[in-house]
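To keep things clear, I will list the structure first and then write my remarks on it.
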2 protein chains.
Amino acid sequence: MLNDEPHVSPAVKQRVREAADALDYHPNVFAQALVRRKSNMIGLIYENPSPSYVVELQRGVLERLTGERYKLVVIPIRSVQEHAGEVVGMLRSAALDGVVLAPPASDNPIILNQLKDARILCARIAPTRLLDAAPSNLIDDVAAAREIADYVIGLGHREIAIIRGDPTHASTEARMLGYMQAFSKADIELRLERIEPGLFTFDSGLAAARDIFARGDRPTAILAQNDDMAVGAMMAAREFGLSIPDDVSVVGFDDSEVSRITWPRLTTVRQPVFEMAIAATEMLIAQLEDRDVMARITHPHELLIRESAAPPRSLG
Amino acid sequence: MLNDEPHVSPAVKQRVREAADALDYHPNVFAQALVRRKSNMIGLIYENPSPSYVVELQRGVLERLTGERYKLVVIPIRSVQEHAGEVVGMLRSAALDGVVLAPPASDNPIILNQLKDARILCARIAPTRLLDAAPSNLIDDVAAAREIADYVIGLGHREIAIIRGDPTHASTEARMLGYMQAFSKADIELRLERIEPGLFTFDSGLAAARDIFARGDRPTAILAQNDDMAVGAMMAAREFGLSIPDDVSVVGFDDSEVSRITWPRLTTVRQPVFEMAIAATEMLIAQLEDRDVMARITHPHELLIRESAAPPRSLG
DNA sequence: ATGAAAGCGCTAACAC
DNA sequence: GTGTTAGCGCTTTCAT
């Protein structure tokens, strides 16, 4: 009766509602779920490399869920790489109607397959492979990385170091490829010792940049594969008494909040994580309600020129 | 049978488990919940002023929940102040076993009362009032604020501005009180125009500090009631060409991640949000499982002296 | 110890 | 339209 049935007059609805309120009646969601086979809960699956990324993600999902009857269950995975086989078991015992998959889970074939077998719907954020396996929200990582590398090269830099992201995330390779395209277009040789590993965390960026600065021939610019690592690199530069961007330029990737609160503000390329999360949630809800679903959205990226990169001093 | 019954031999258990795996059997959680009247889900209720605070909070809850059968449902509230009356209705329709209450919900008498009426268990983070209404995790906000103010005054500052937190959070008043105790002990007069309102956000700190710097007589130090606002104040200082800590000292409150990634690093006073969230979740689980529950834990705070505060230039 | 049966609170199908 | 009933998948109780 409370479920918006078709042939009930508004007046009656109103009275029923009042009576329900008066009796403090709340339908039992388990009984409902049991018979409807629907929990009205969705999950957000993520690993934990960059807090700012996760925050944006979750904000986006919750934004789309406001006013909706769905509740959000957060499911952090220590290491998708290691626990892929167990993830779907967890999900089905949580009885979720569907899940939003953030990287690197969104790229994991084991998870994708088991999800299909378990008939759990999903929508994905930033996958790079198997794009038709499930609805996807992407940016063009290769192009975005190429553009910011182009920009840095355009400033006159030729001695450029790179801090890579987490190797278990496919976007790390994609961004690497974009950088390399820009390098080869400009005829710059990328030396192996100029590539530092990282994990998408502030600490890993700090450590990587310390390594870079501790070595003899210092680059004039650093491309970090996300903003957290870029901010770590800025910290390392300060430790070495280098000023940014005069002594060394640093650029990031993502436009996460941290890029706007540092000084100088970080030049980066925007990935609209919040909007991607909203769109992914929309795709998931559409599936749950048997509406038409977009199979794939490529979201726009945008080079954001701020103050952390400038021409190298020799050209200054 | 799968529920760890007492009189079953290990061998039988093992075989049952194998059979269950082979058939890919998963118990239906709704049927269980229906008859047991227990959902194995807990909620985290928060408002959204400072992302770094929320991240720590959620990390703590999830940390305590790893390996536990409980799932976490996140419940952001736009404005606890405005929607206190509706919160508990939402919760009971979500059928949660219990909730962790972050400020300002943890201080809200309406929510606390309705929770009790609805027999939803809870544990609280950083309440300042009604401390015996439900298990509480606190720090001594007054003492912590007094200590950091003492420190700044001890550096030689006497022209000190304050950026307040969100007025709907009770800790704002508590910290204010701590500052004032330090001021009066040092015989410093606190002028009204030296108190700027804020909302615990970076942007509000930025705006508040711009106001402060735009006025004629500039303070030599700023006490911000959390780190996000302090970092906003640092940004404003840069905009005015002021260097930190030489021209102006800035200190924060919380020791959130952002305080460690700025340059100079932020002098602040640590509130162990992560540990408080773990403890609150522990208190909640203990209640759910009828174990003894600590009624209140006062967590230690700690003054963290970093580089964003120094003696005023006149003394330098 | 083992098995049968009742019932948790609701929805949907079907008769009236 | 309105009232009745079966049954969702499990746990628990009560016979056996």
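Convention: sequence-line order gives letters A, B, ...; per-chain numbering from 1.
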Length of the line joining A/Lys38:NZ and C/dA12:C1', which is rounded to integer Å: 16 Å

Minimal non-hydrogen separation, B/Ala94 against A/Lys71, with atom names: CB-CE, 3.4 Å

B/Glu68 versus B/Ile285, closest heavy-atom pair with distance: CG-CD1, 3.8 Å

Interatomic distance, B/Gln32 CD vs D/dT11 C1' [rounded to whole Å]: 9 Å

Contacts under 3.5 Å, N or O only, protein and nucleotides 5-8 of chain D:
unit_1: D/dC8; atom_1: O3'; unit_2: A/Arg37; atom_2: NH2; d: 2.5

Atom pair distance, as rounded to whole Å: CG in B/Asn40 and C1' in D/dC10: 14 Å

Salt-bridge present (B/Arg270, B/Glu56; N to O < 4.0 Å): no

Residue B/Arg78 excluded, over 12 heavy atoms near CZ under 6.0 Å: no

A/Lys38, NZ atom: more than 12 neighbouring heavy atoms under 6.0 Å: yes

Spacing between A/Arg36 atom CZ and C/dC10 atom P, to the nearest angstrom: 11 Å

Polar side chain donor-acceptor pair, A/Arg124 to A/Ser136, under 3.5 angstrom: yes

